[in-house]
Amino acid sequence: MASTALAPSEVAALFNAAFAPNYRIGAVDVDDLVFTNDTIDNFLTARKSWSSGGTLVAKSATHLFIEDAQALKGQRRRTLCIIDLGDCRAVYED
C-alpha cells in the first residue's frame, strides 16, 4: 500500500528532508520504507505496551521519531521514523 498522492521518490525525499539532517539516520531510500494504515496515534498507543517504548524524540501531527524502541524483550532496539501521508503512513525502521 502506498500513497497515491506522491511518487515513491517524493516519499523518500520527505524522509530525507524531515529526519536525515536532524537525527541520526542515514539517507532513506524508498525500498527502506514500509507503508501502513496505522495512524501516528496507533503507534503512540502501541508503544505503551512495548518492552521498551524508547525515547520520543519528535512528534507532530504528521511526523513521529522514536529512538531505542524495543517491541519485544530479546529483539534489538530500533529507531522508528513515521510520516503521515494522508491515506497511509510511511515507516522507516533502522
Side-chain angles (χ1 to χ4, degrees):
M1 152 194 15
S3 174
T4 56
L6 296 172
S9 61
E10 292 174 306
V11 175
L14 279 175
F15 270 85
N16 290 321
F19 296 116
N22 302 313
Y23 305 105
R24 294 175 294 215
I25 67 167
V28 173
D29 186 83
V30 70
D31 294 332
D32 299 326
L33 302 175
V34 174
F35 296 89
T36 181
N37 284 327
D38 292 335
T39 66
I40 287 178
D41 285 339
N42 292 146
F43 278 96
L44 291 170
T45 299
R47 180 176 170 251
K48 295 174 186 174
S49 67
W50 295 348
S51 177
S52 170
T55 302
L56 183 60
V57 177
K59 177 188 173 290
S60 73
T62 60
H63 295 77
L64 184 63
F65 187 87
I66 302 170
E67 284 186 324
D68 204 31
Q70 184 182 43
L72 298 172
K73 190 172 183 174
Q75 289 182 340
R76 73 175 181 87
R77 295 179 180 273
R78 298 185 163 119
T79 295
L80 295 172
C81 305
I82 303 157
I83 292 182
D84 191 327
L85 301 172
D87 55 346
C88 67
R89 266 58 50 212
V91 180
Y92 172 75
E93 186 177 298
D94 184 24

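The model shown is predicted, which means the values in this text are computed figures rather than measured ones.
- Under the 4.5 Å side-chain heavy-atom criterion for grouping Ile, Leu, Val, Met, Phe, Trp and Tyr, Val11 is connected to Phe65 within one hydrophobic cluster.
- Taking OG from Ser49 and CG from Leu72, the interatomic distance works out to 9.0 Å, rounded to the nearest 0.5 Å.
- Listed here is the closest heavy atom pair of Arg77 and Asp68: CD-OD1, 2.8 Å.
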Would you tabulate the side-chain donor-acceptor contacts of residues 53-63 under 3.5 Å, counting partners in other chains and residues two or more places apart, or write 'none'?
| from | atom 1 | to | atom 2 | distance (Å) |
| --- | --- | --- | --- | --- |
| Ser60 | OG | Thr62 | N | 3.2 |
| Ser60 | OG | His63 | N | 3.1 |

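- Separation of atoms OG1 (Thr79) and CD1 (Ile66) is listed at 9.5 Å; rounding is to 0.5 Å.
- Take Thr45 and apply the side chain to side chain contact (heavy atoms under 4.5 Å, CB included) test, not counting sequence neighbours, and it matches no residue.
- Ala71 is linked by a side chain to side chain contact (heavy atoms under 4.5 Å, CB included) to Trp50, Gln75, counting only residues two or more places apart in sequence or in another chain.
- Rounded to the nearest 0.5 Å, atoms OH (Tyr92) and CD1 (Ile83) are 12.5 Å apart.
- Atom-to-atom distance recorded for Arg89:CZ and Asn42:CG is 8.0 Å, nearest 0.5 angstrom.
- Taking CG of Asp84 as the reference point, atom OG1 of Thr39 lies at 8.0 Å (rounded to 0.5 Å).
- By the 4.5 Å heavy-atom criterion applied to side chains, Ile82 and Asp38 are not counted as neighbours.
- There is a path of hydrophobic side-chain contacts, each under 4.5 Å, that joins Ile40 to Val91.
- One hydrophobic cluster holds both Phe35 and Leu14 under the rule that ILVMFWY side chains link at heavy-atom gaps under 4.5 Å.
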